[in-house]
Amino acid sequence: MEDLKDRLYKLYPVLKKLDNTRVQTLLQRLKLVRLKADSPVFHELQSCEAFPFLLSGFIRVFKQSPNGRELSLYDFTPGDVCVVTAGCLLGNEPYNAMAVVKEDSELLMMPAVDFEALLGMRAFREYIFSLFSKRIQELILLVEAVAFQKLDHRLALLLLSKGKCIKVSHQELADQLGTVREMVSRLLKSFTDSGLVRLGRGRITIIDEAGLKNISVE
């Protein structure tokens, strides 16, 4: 457990600013959970009972429509805070989104009552609220993009943000953009015909970065 605590303090240095005696007592009740890739972390309307500290891995948080379409809200990586979980714990509400493991992950789960105790400490409370502010700004930008930007513009921006050689499926791109796979495939074919990208099995290579940038600013 000491090794886990060392990793926790390294990823979440805010814990070092808190009253050591009280924090050590709370950390004794942390539960280590290991989840494999593609495992669900939580479902919409599920009861929210613990706060996760992510030590390793990668988790995707998203909304899903009744017809199965998905829209990524944010990625939850080591050292991050899952603001959906924090918000649900603060409001004593069930989850209002879903999360799935994208890479094998290790989480230290803190019972809701202990999370509330941490919030009673000013440094931790300010830390959580600052991350709420950051995520809200990101979600506002996401809403603006979905509502007001053309899909080819958004796809070009997304591809440019991922580097020259991108290992990703058309469905994963569609989920991140909040659209359907067919639309993404159609646009990627157009990009290919224009010499902007080259498509491979589960891989996209950017050929003309300047051309994609032109689309992204139209």
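This chain uses plain numbering: 1 for the first residue, then up along the sequence. These figures come from a predicted structure and were not determined experimentally.
The environment of R198 atom CZ is sparse: at most 12 non-hydrogen atoms of other residues, nucleotides or ligands sit within 6.0 angstrom. D38 CG: 12 or fewer foreign heavy atoms inside a 6.0 Å radius. For R34, the CZ atom sits in a loose shell: 12 or fewer heavy atoms of surrounding residues, nucleotides or ligands are nearer than 6.0 Å.
A parallel orientation is assigned to the rings of Y95 and F42, their planes being inclined by less than 30° (bins at 30° and 60°).
In this structure a side-chain-to-backbone donor-acceptor pair under 3.5 Å is present from S185 to R181. The backbone N or O of G195 lies less than 3.5 Å from no partner atom in the side chain of D208, so there is not a single donor-acceptor pair. Remark: the backbone N or O of H43 is paired with a side-chain donor or acceptor of Q46 at under 3.5 angstrom. In this structure a side-chain-to-backbone donor-acceptor pair under 3.5 Å is present from Y12 to L54. S194 places no side-chain N or O within 3.5 Å of a backbone atom of F191 that could act as its donor or acceptor partner. For the pair S105 (side chain) and E103 (backbone), a donor-acceptor distance under 3.5 Å is present. The main-chain N or O of L177 is found under 3.5 Å from a side-chain atom of R154 such that the two form a donor-acceptor pair.
Both L158 and I215 are part of a single hydrophobic cluster, where members link through side-chain heavy atoms under 4.5 Å apart. Taken together through direct or relayed side-chain contacts under 4.5 Å among Ile, Leu, Val, Met, Phe, Trp and Tyr, M98 and L139 form parts of separate hydrophobic clusters.
Using a cut-off of 4.0 Å between Lys/Arg side-chain N and Asp/Glu carboxylate O, R60 and E70 are scored as salt-bridged. Look at R122 and E126 and you find a salt bridge, because one of the NZ, NE, NH1 or NH2 atoms lies within 4.0 Å of a carboxylate O, short of that distance.
Residues that satisfy the salt bridge (charged side-chain N to carboxylate O under 4.0 Å, His left out) test with D193, not counting sequence neighbours, are K189.
In summary, the side chains of T77 and D75 do not present any donor paired with an acceptor at a separation below 3.5 Å, with no hydrogens or angles considered.
Applying the salt bridge (Lys or Arg N to Asp or Glu O under 4.0 Å) definition to pairs two or more places apart or across chains, those involving residues 129-140 are D80-R135, R135-E138.
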Verdict with reasoning, F53 to F51, per ring-ring contact (aromatic ring centres under 6.0 Å, His included): CA-CA 7 Å; F53 292 98; F51 179 81; 5.1 Å; yes

CA sep, side-chain torsions, deciding dist, call: E209, K213, salt bridge (charged side-chain N to carboxylate O under 4.0 Å, His left out): CA-CA 6 Å; E209 185 174 350; K213 286 181 178 178; 3.5 Å; yes

Check against side chain to side chain donor-acceptor pair (under 3.5 Å), E106 and S56: CA-CA 5 Å; E106 291 179 303; S56 65; 3.2 Å; yes

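For the atom pair NZ (K10) and CG (L15), the distance works out to 15.0 Å, reported to the nearest 0.5 Å.
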